[in-house]
Amino acid sequence: MNVTGIITAVAIVGGVGLLISIFLSFFGNYFKVEVDEKEEAVLNALPGNNCGGCGYPGCSGLAAAIAKGEAPVNGCPVGGANVASEIAKIMGQDVGDMVKQVAYVKCKGNCQKAKDSYEYHGLEDCVMAAGIQAGGPKACDYGCLGYGSCKKACQFGAISIVDGIAVVDKEKCTSCGKCIATCPKNLIELIPYDAAYAVGCSSHDKGPVVMKACEQGCIGCGICAKNCPTGAITVTDFVAHIDQSKCTRCGLCQEKCPKKVIFI
């Protein structure tokens with residue numbers, strides 16, 4: 001190949017490259033997606049766990065919702081007050097008062113107190129066990145099965161299985177809600193970190209049925225509700241529940257409960 005041919009080839013390749021770059025630059029600007037600076041700033045402020053505890057598909061989903069005004073600035077349960085405060089500054093809003101919450105398992109029916117209806121030899125998974133005969137081997141249809149589905153779902157190591165029931169370490173809990181979504185028995189709820197009392201039972205069976213299945217189950221007697229001076233306790237479907245916003249920690253409910261099922 002002579003020199004003229006080489007120069008021609010180089011010129012053609014260079015020209016084609018120049019045309020492609022011009023083409024890409026034009027269409028890149030034409031189809032460019034505008035980036036919301038607030039959304040980017042909010043996303044950078046979020047912890048990046050992508051746990052879904054906020055109800056959105058990851059941190060990017062929450063950031064977009066906050067930027068659009070569709071989610072509160074304190075919508076991230078993992079980040080807590082510090083992240084909420086930073087996001088509030090970005091959005092030019094007041095974060096308001098935040099109460100730290102933690103997961104609480106509403107069952108105290110451990111291996112000594114709760115009875116089983118049969119022996120289970122299947123997969124060590126609550127969801128699987130709940131799908132078989134009678135909703136699992138535990139005599140109480142509402143009791144913790146203790147196979148650790150919630151423990152597996154918790155990426156912060158806040159849940160352990162102790163003596164056959166799930167127990168939450170509130171110092172590690174970020175209130176992301178994954179354990180709540182995973183539990184097939186709907187046993188887990190969020191309560192304030194500094195809550196003094198909660199009902200450790202979720203059974204909706206009548207008292208005699210509860211007592212046959214578990215030594216420490218709520219029998220729906222209503223004594224706690226009758227003795228609560230602030231009306232913080234209600235009994236619905238044979239099980240008591242404490243409204244933590246009304247609880248003054250007087251301790252009368254725990255003192256009067258005949259089954260000693262009210263505590264943290």
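Within the 4.5 Å cutoff, side-chain heavy atoms of Pro229 are placed close to those of Leu252. Here the side chains of Asn227 and Cys253 are not in contact, with every heavy-atom distance at 4.5 Å or above. A 4.5 Å side-chain heavy-atom check between Lys115 and Cys214 finds every atom pair outside the cut-off. Residues Cys140 and Ser203 are in side-chain contact: their nearest non-hydrogen atoms beyond the backbone lie under 4.5 Å apart. Taking 4.5 Å as the limit, some side-chain heavy atom of Pro47 sits within range of a side-chain heavy atom of Cys76. The shortest side-chain heavy-atom distance between Ser85 and Lys89 falls under the 4.5 Å cut-off. Counting only heavy atoms from C-beta outward, the side chains of Gln155 and Cys51 approach each other to under 4.5 Å. Inter-residue side-chain proximity for Asn110 and Val162 is flagged as unmet; no heavy-atom pair is nearer than 4.5 Å.
Residue Tyr142 is not grouped with residue Val239 when hydrophobic side chains (ILVMFWY) are merged at heavy-atom distances under 4.5 angstrom, including chains of intermediate members. A continuous path of hydrophobic side-chain contacts links Tyr147 to Met128 [ILVMFWY only; heavy atoms under 4.5 Å]. In the hydrophobic clustering of ILVMFWY residues, with side-chain heavy atoms under 4.5 Å counting as a link, Val42 and Val83 come out together. Connection of Leu145 to Leu123 is established within a shared hydrophobic cluster, with ILVMFWY side chains joined at heavy-atom distances below 4.5 Å, either directly or through further cluster members. Residue Tyr56 is grouped with residue Met91 when hydrophobic side chains (ILVMFWY) are merged at heavy-atom distances under 4.5 angstrom, including chains of intermediate members.
In this structure, Lys246 and Gly231 approach most closely via the heavy-atom pair CD-O, 3.8 Å. When all heavy atoms of Cys179 and Ile159 are compared, the closest pair comes out as CB-CD1, 3.5 Å. Between Val210 and Asp205 the shortest heavy-atom distance is CG2-O, 3.5 Å. Between Cys144 and Lys138 the shortest heavy-atom distance is O-NZ, 2.5 Å. The two residues Ala153 and Thr182 come nearest to each other via the heavy atoms CB-OG1, 3.3 Å. Closest of all the heavy-atom pairs between Lys100 and Cys173 is CE-O, 4.4 Å.
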| task | Using the side-chain contact (heavy atoms from CB on, under 4.5 Å) rule, take Val168 and Val105 through it: C-alpha gap first, then chi angles, then the decisive distance, then the call. | result | CA-CA 7 Å; Val168 177; Val105 181; 3.9 Å; yes
| said: Working note: Gln254 + Cys257, criterion side-chain contact (heavy atoms from CB on, under 4.5 Å); need CA distance, chi angles, decisive distance, verdict. | reply: CA-CA 5 Å; Gln254 184 185 55; Cys257 177; over 6 Å; no
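A donor and an acceptor atom, one from each side chain of Lys108 and Gln216, are nowhere located under 3.5 Å apart. For the 3.5 Å distance criterion, the side chains of Tyr193 and Glu171 qualify, holding a donor opposite an acceptor.
The backbone N or O of Val127 lies less than 3.5 Å from no partner atom in the side chain of Lys185, so there is not a single donor-acceptor pair. Of the possible polar contacts, none joining the His241 side chain to the Thr234 backbone as a donor-acceptor pair under 3.5 Å is found. A distance-only check finds no donor-acceptor pair linking the side chain of Asp116 to the backbone of Tyr118 [under 3.5 Å].
Within the cation-pi definition used here (under 6.0 Å to the ring centroid, within 45° of the axis), Lys172 does not qualify as a partner of Phe156.
Going from atom CD of Glu40 over to atom OG of Ser60 covers 10.0 Å, rounded to the nearest 0.5 Å. Rounded to the nearest 0.5 Å, atoms NZ (Lys178) and OG (Ser149) are 13.5 Å apart. Ser202 contributes atom OG, which lies 9.5 Å from atom CD1 of Ile188 (distance to the nearest 0.5 angstrom). The distance from the OG atom of Ser175 to the CG atom of Leu190 is 5.5 Å, given to the nearest 0.5 Å. The distance from atom CG of Leu46 to atom CD of Glu86, rounded to the nearest 0.5 Å, is 9.0 Å. The structure places CD1 of Ile219 at 6.0 Å from NZ of Lys259, a figure rounded to the nearest 0.5 Å.
Connectivity analysis of hydrophobic side chains (ILVMFWY, heavy atoms under 4.5 Å, direct or indirect) links Ile242 to Tyr197, Val199, Ile233, Val261, Ile262.
Remark: Lys152 NZ is packed, more than 12 non-hydrogen atoms of other residues, nucleotides or ligands lying under 6.0 Å away.
Ion pair Lys170/Asp194 not flagged as a salt bridge, since none of the NZ, NE, NH1 or NH2 atoms sits closer than 4.0 Å to an Asp/Glu carboxylate oxygen.
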